[in-house]
Novice: 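Please read through the structure below; I'll follow up with questions.
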Amino acid sequence: MSWMGPREDAENAFKVRLSLRTALGDKAYAWDTNEEYLFKAMVAFSMRRVPNREGTEISHVLLCNVTQRVSFWFVVTDPSRNHTLPAVEVQSAIRLPLVAVSGGCSSLRMNRNRINNAFFLNDQTLEFLRIPATLAPPTDPSVPIWIIIFGVIFCIVIVATMLLILSGIRQHRRKNKGPSEMEDTEDKWENTVKIENGIPCDPLDMKGGHVNDAFVTEDERLTPL
Amino acid sequence: MDEARPLWATPLQFVFACISYAVGLGNVWRFPYLCQMYGGGSFLVPYIIMLTVEGMPLLYLELAVGQRMRQGSIGAWRTINPYLSGVGVASVVVSFFLSMYYNVINAWAFWYLFHSFQDPLPWSVCPLNGNRTGYDEECEKASSTQYFWYRKTLNISPSIQESGAVQWEPALCLILAWLLVYLCILRGTESTGKVVYFTALLPYCVLIVYLVRGLTLHGATNGLAYMFTPKMEQLANPKAWINAATQIFFSLGLGFGSLIAFASYNEPSNNCQKHAVIVSIINSSTSIFASVVTFSIYGFKATFNYESCLNKVILLLTNSFDLEDGFLTVSNLEEVKSYLASAYPSKYSEVFPQIKNCSLESELETAVQGTGLAFIVYTEAIKNMEVSQLWSVLYFFMLLMLGIGSMLGNTAAILTPLTDSKVISSYLPKEAISGLVCLVSCAIGLVFTMEAGNYWFDIFNDYAATLPLLLIVLVEAAAVCYLYGLRRFESDLKAMTGHALNWYWKAMWGGVSPLLIISLFVFYLSDYIITGTLQYQAWDASQGQLVTKDYPPYALAIIGLLVASSTMCIPLGALGTFIVRRLKRRDTASVA
């Protein structure tokens, strides 16, 4: 059905494009006049929620130029059928208002969702070509996640470093309290070094009742890779 | 009685330390690139030849020197010949430069690792622009992964002159990276020896997991076929051979003094010949293994992009001509295009400029290396996998292990000579020396977290180590063979390990390897001279791509300083020793 009317109507017309096969695959239904009737009903329903437009009827919504794609144009006329409703009104009925609404569904956004759901489609497969879907802002948590993980690992590393340094200092002090007559500054380091090894290299450094570590070293040397 | 020296608890620790040091990021991000550029499967021929002729002999040489001299690089070379103390100092200087900039990579790996715990991955979507009507402009022009790397991670400035401020986020990650390195080297071989079990083995676990995943990805075979198809004509290209030699040389980490440091903690009777062969073979196999993984990922990414490109074209045509949804498929695309061109010529010519020519070949041919491969190409492939957070965490954890493993070797190269020196170790305990070195490197490394930091990083990466190392290793090989004497070294080794030296090693050390290094050196020098001004790639935010720019004069001066400060150590060391000896002789003469 084409509309006759002043050319301003072209400004108030919207192109709609559906991608049934992309959305539904094998379960895609055929687009016939009944589906078109449902579409007109959804648009009229959306318009009725706009203040002052509660009287919109299905017959006020006009579809035109349906192609194989499936795509078509539609306008909404006023009750007297003389002129078409301005695009802004139709847009506001279908999409999110310009004022940002926090949280999930606003009552107006629900119109778009309900139109989508009536046809089992979504924003990408049922496109209103002059009504861009507003991009959902990403949810930013108050503290970025990476800082939390960074903090955890940082603390672990610092604690481990402190423990190692402290145990090193403690071993160092214990060596100092040991037989000190043989020691000058260099030997002190070699002692700590020797012990740190786990295998005391100096066989004279025996404590009573210990295994003779010189033999241990010998075995280790012969152990094949 | 010999002064006791810390030892590796088992020889296995030593092997793992060498593997963990040699197997680094270069195996993952440089070798696949070279393979792709120089003929795929046929690149393996020059690679393996260079491994046997250059890699193994020089690695064995360094390990043998370290094990025999039982000191870090400075002490070892001074013992070989007092005039060679400059060689050791040059190694330490180069290691110092390397550790300054190498840890920044670990900082970036940390950054990406921490960001992998989000859904969706932050580099998979573009952020919205100011008024929420569309996506950020820079992100649209480039891709979301490039945007995340250049804008969110680096916050890169348009040129090296505009330094910008230190970015606190990468700076924090850098501090964490240095703390982790300090923790690992704190107690010397005792702590390092335990850490290398992880840093050597864990990357292999991840690589195996990735191999299985990579081979099962859709389109992986495209990448593998592309890579392994040998292009035999590349064998005639001298650049292929030169790059194979260079890759072997730098991949094993020769000349930094790390291998000498590690080997100095060995038992003198350790069979370092066997270990040298094992380490070099494992290093090269890892490179090949990593490139299999990389190419299956490449194939997946290329196929994915190719198919999205085709889908975009299909959508464009379907919408412009209002064709039935689902009518246009990949198989009938060409015939429908020609039909539309003939049936609706005017409308088709309007749409035509927007139709991209999708080509799988061109997607596969985008050869990338370095940080671009690791942080842009891989992340692009990962974001398209299922459970992408898991793959991302695994991947960056592996990068971290590889990087930390190499850092352990670098810091060992610096610290071993310092702790060997009686002067310094009498004043400060080992923990304090390590702490100081880490602190200084971290402070200087903050330069690389500035907005122009990545450009300085590239300078260090390209120039700090390449020429100096070639010279250092050349002098090392010549010194052992001709100054110290090959026969004397041979008898030393025999006394130490109990095995005789095979004629093969003698031939390589005496002749072939030094000749190879000389030719590499000459090639690089002439390449630098012929190219004239040096250029770099700068990120242009307005275009969303890299542009080539010239280095400003002060950057060129710094490059020159970098190269000179390490290479000049060799002659200066010799000169210094000569002067000291002259003075001593004069003193003794005057006393007598």
Side-chain angles (χ1 to χ4, degrees), chain A residues 17-23 25 28 65 67-71 100 125 127 132 134-138 141 144-150 153-154 157-158 160-161 164-165 167-169 172 185-194 196-204 217 220-225, chain B residues 1-7 9-12 15 110-111 113-118 120 122 125 127-128 132-135 169 172-173 175-176 179-180 182-183 186-191 267-271 274-275 278 315 318-319 321-327 419 422 425-426 429-431 435:
Chain A
R17 186 193 291 151
L18 289 93
S19 309
L20 293 170
R21 194 141 321 149
T22 313
N65 278 0
T67 66
Q68 258 186 325
R69 171 66 181 82
V70 176
S71 67
T125 42
E127 301 164 76
T134 45
L135 305 163
I145 299 182
W146 77 271
I147 293 230
I148 300 176
I149 305 176
F150 169 82
I153 304 216
F154 193 77
V157 171
I158 293 249
T161 312
L164 273 185
I165 293 183
S167 72
I169 294 180
H172 182 57
T185 344
E186 288 176 34
D187 283 321
K188 210 184 293 181
W189 284 114
E190 285 157 41
N191 261 335
T192 347
V193 158
K194 277 185 234 169
E196 274 179 13
N197 218 343
I199 311 165
C201 293
D202 184 1
L204 292 176
T217 336
E220 295 246 346
R221 194 183 297 175
L222 295 176
T223 301
L225 175 56
Chain B
M1 180 92 195
D2 263 327
E3 30 181 80
R5 192 176 175 76
L7 294 176
T10 70
L12 193 62
V15 175
F110 265 125
W111 169 264
L113 180 66
F114 295 149
H115 277 87
S116 306
F117 290 95
Q118 295 172 4
V125 286
L128 303 177
R132 298 227 182 122
T133 54
Y135 294 116
E169 297 104 336
L172 277 183
C173 293
I175 294 176
L176 177 62
L179 275 176
L180 187 60
Y182 180 55
L183 177 64
L186 186 49
R187 290 288 201 81
T189 50
E190 181 192 326
S191 50
E267 299 273 355
S269 58
N270 183 43
N271 186 357
K274 182 169 70 169
H275 292 159
I278 291 177
L315 193 64
T318 313
N319 287 343
F321 292 96
D322 280 325
L323 304 167
E324 189 188 330
D325 182 29
F327 169 67
T419 50
K422 302 281 191 314
S425 59
S426 58
K430 186 164 53 192
E431 288 90 342

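Being a predicted model, the structure only gives us computed values, none of them experimental. Each chain gets a letter, A, B and so on, in the order its sequence line appears, and its residues count up from 1.
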Novice: Give, for atom CZ of A/F154 and atom CG of B/L179, the distance between the pair rounded to the nearest 0.5 Å.
Specialist: 5.0 Å
Novice: Would you give the length of the straight line joining atom CD of B/E431 to atom NE2 of A/H172, rounded to the nearest 0.5 angstrom?
Specialist: 8.5 Å
Novice: Under the side-chain contact (heavy atoms from CB on, under 4.5 Å) criterion, do B/L323 and A/Q68 qualify, and how do the steps go?
Specialist: CA-CA 6 Å; B/L323 304 167; A/Q68 258 186 325; 5.8 Å; no
Novice: How far does CG of B/L186 sit from OG of A/S167, to the nearest 0.5 angstrom?
Specialist: 8.0 Å
Novice: Between chain A and each of B/L183, B/I175, B/N270, count heavy-atom pairs under 4.5 Å; write down the option with the most.
Specialist: B/L183
Novice: Should B/F110 and A/I149 be marked as a side-chain contact (heavy atoms from CB on, under 4.5 Å) after you check the CA-CA gap, both sets of side-chain angles, and the distance that decides it?
Specialist: CA-CA 10 Å; B/F110 265 125; A/I149 305 176; over 6 Å; no
Novice: Using a 4.5 angstrom heavy-atom cutoff, name the option from B/N271, B/L176, B/L315 with the most pairs to chain A.
Specialist: B/L176
Novice: Angle between ring planes, B/F114 versus A/W146, binned at 30° and 60°: parallel, tilted or perpendicular?
Specialist: parallel
Novice: Can you tell me which portion of B/Y182 sits under 4.5 Å from chain A's heavy atoms? Options are side chain, backbone, both or neither.
Specialist: side chain
Novice: List in chain and number order the residues that pass side chain to side chain donor-acceptor pair (under 3.5 Å) with B/T318, two or more places apart in sequence or in another chain; answer none if no residue qualifies.
Specialist: none
Novice: Using non-hydrogen atoms only, which part of A/S19 is less than 4.5 Å away from chain B: side chain, backbone, both, or neither?
Specialist: both
Novice: Which atoms form the tightest heavy-atom contact between B/N319 and A/R17, and what is the distance?
Specialist: ND2-NH1, 2.8 Å
Novice: Side chain, backbone, both or neither: which part of A/T22 has an atom under 4.5 Å from a heavy atom of chain B?
Specialist: both
Novice: Under a 4.5 Å cutoff for heavy-atom pairs, which residue among A/I153, A/V70, A/I158 has the most contacts with chain B?
Specialist: A/I153
Novice: When only pairs under 4.5 Å are counted, which of A/L20, A/L164, A/I147 shares the most heavy-atom pairs with chain B?
Specialist: A/L164
